[in-house]
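Lettering of chains follows the sequences in order, A, B, ..., and the numbering in each one begins at 1.
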Amino acid sequence: MTDAHVVGAGIIDFGEKYDWSFEDLLEGAYLDLVESVDYGIDPTNDIDGVWYGTLDIANEGSSGAAVAHATGLFETPATHIVNACATGSDAFRNAVQAIKAEDIDVALVIGAEKMLDSTEGLIGGAALERLWRGRGVTMPAFFGMRATRHMDQYDTTREQIAAVSVKNHENGTKYPHAHQQFECSVDDVKESSTVSYPLNLYDCCPVTDGACAVLVASDDRAREFTDAPVRVAGYGLSTDSFQRGDDLALTNFPASRHASSTAYERSGYGPDDIDVAEVHDCFSITELITYEDLGFCEQGEGGSHIDEGIPHLDGEQPINPSGGLLSKGHPIGATGVAQIAEIFEQLRGEAGDVQVPDAEVGMQHNIGIGRNATGAVSCVNILER
Amino acid sequence: MSGPRYHRTRRQDQRLVGFECQACGFVSFPDEKRICKRCGDAPAEFRDVDLASSGTIKTFVVQEYLPDDIEVPQPLAIIDIPQADGSGEPTRVYGLLTETELDEISVGCTVDVRFRELFDEGARPINSFKFSVPREDKR
């Protein structure tokens, strides 16, 4: 069986792209990829398969054919993947599986989302769909419930939760593609308007449009594109529902634990081996909990973990050097692909002002909201230099 | 925006009946299914169990930012409701609190389960459970 290697990445600046269509987003990410592959690429001849991640919130491109049209890659099998907020990372995982199965040699993974065209649709859907669960249950509410419980059970402070957002906004000012380029203090987070107590505006990721693409290749083909491929060492995907009555799900995301355990097992690496990680920080509390779920610290110690500076850019194990979803933004289908792209740059030493020195092993992590609330889906990929 | 899917009046929307998996003890409410969500038994054998009319808050939030036609602030909680006879496991649900202020609720506090008309779908009333701080605890 062959390994799969990331051999190229392209991204557009994330932000408010009202004047960009879905096709513009896909074109932008794909063109950046084509232009940035070290030894170049002959698109129509080199790419054997396409995986397209989008929730298609703006209802424009609900088929792999959307990528074919945007890129000119006709007659290439193209598949549309949807898996909640883990859509991009699962599209990547599917491409990796196809390469490892030796069904194809070179895959394009591309993710895109126009979030700003239908913000009301997102909130409205969450508010009205499942009546008996309570009309008006939104994303910050689902995640905020973990914050309330974590503070009660582990004496985690409001300041520790806010510190995640402070860290990621600071990182975002150094990352060229981030949507929100400003620094904020713990007080700024605490004083920003309440969205869903205990979470405030600066605890929440912005609503962002974006697109990103990565190129994945087999052992046989990887060196045609670059001398510095990044190997996919392991991956895991899992699902869960807190309604099963697991008390861990009140404070944490058991699906993240299961998905990361699988990825650790497949790769042979453990939490201590991860030099840099891009993790799901849709809300500040999400990242703090994720430190625990991925094994970067003990259960209940997420608060002291950030207090000690370990996940800071200059800390022992930097998390979200790109600014994460909190600063870079969270265009759902693009998010996981962009995290892969950032880890690819980190492991090649090309991450500029947010470079983590000597990074050799990196992790990418998403959790998603499904029909049974937050943490219903988790996808983890581990990459190595 | 899609319309409501659960518009039929079901017995568990009218009174507190849960469904206990006879293989693992998991109690499903208000969903009445044929497969257990915890142990995966399929088909599972479920037994109807009466639930208590009050439960315990496991965690909560208070929503402040919602579409204009929904009243705020709106407290929302994950609540464990024990079985009426004290046996077996509680069921875990999430739902809205009504007539409740932020400073009245905390993790571990007891709330009453009430049935209310949430809103109507055409001519049909949509009934469901809501939770509230017991009257005697009101300040």
- Task: Take Gln160(A) and His305(A) through the test side chain to side chain contact (heavy atoms under 4.5 Å, CB included) and record every step on the way to the result.
- Result: CA-CA 9 Å; Gln160(A) 288 170 331; His305(A) 190 73; over 6 Å; no
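- The contact between Asp247(A) and chain B is made by backbone and side chain atoms together, counting heavy-atom distances below 4.5 Å.
- If you measure heavy-atom distances from Phe60(B) to chain A, the contacts under 4.5 Å come from both the backbone and the side chain.
- Looking only at heavy-atom pairs under 4.5 Å with chain A, the residue among Lys58(B), Arg92(B), Arg38(B), Glu64(B) that has the most is Arg92(B).
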- Message: Show, in sequence, the C-alpha distance, side-chain angles and deciding distance for Glu20(B) and Gln22(B), and conclude whether the side chain to side chain donor-acceptor pair (under 3.5 Å) test is met.
- Response: CA-CA 6 Å; Glu20(B) 182 184 64; Gln22(B) 297 304 291; 3.3 Å; yes
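- A distance of 6.0 Å or more separates the ring centres of Phe283(A) and Phe142(A).
- Considering His150(A), Arg149(A), Glu301(A) in turn, His150(A) is the only one that fulfils the side-chain hydrogen bond (donor to acceptor under 3.5 Å, both in side chains) rule with Thr156(A).
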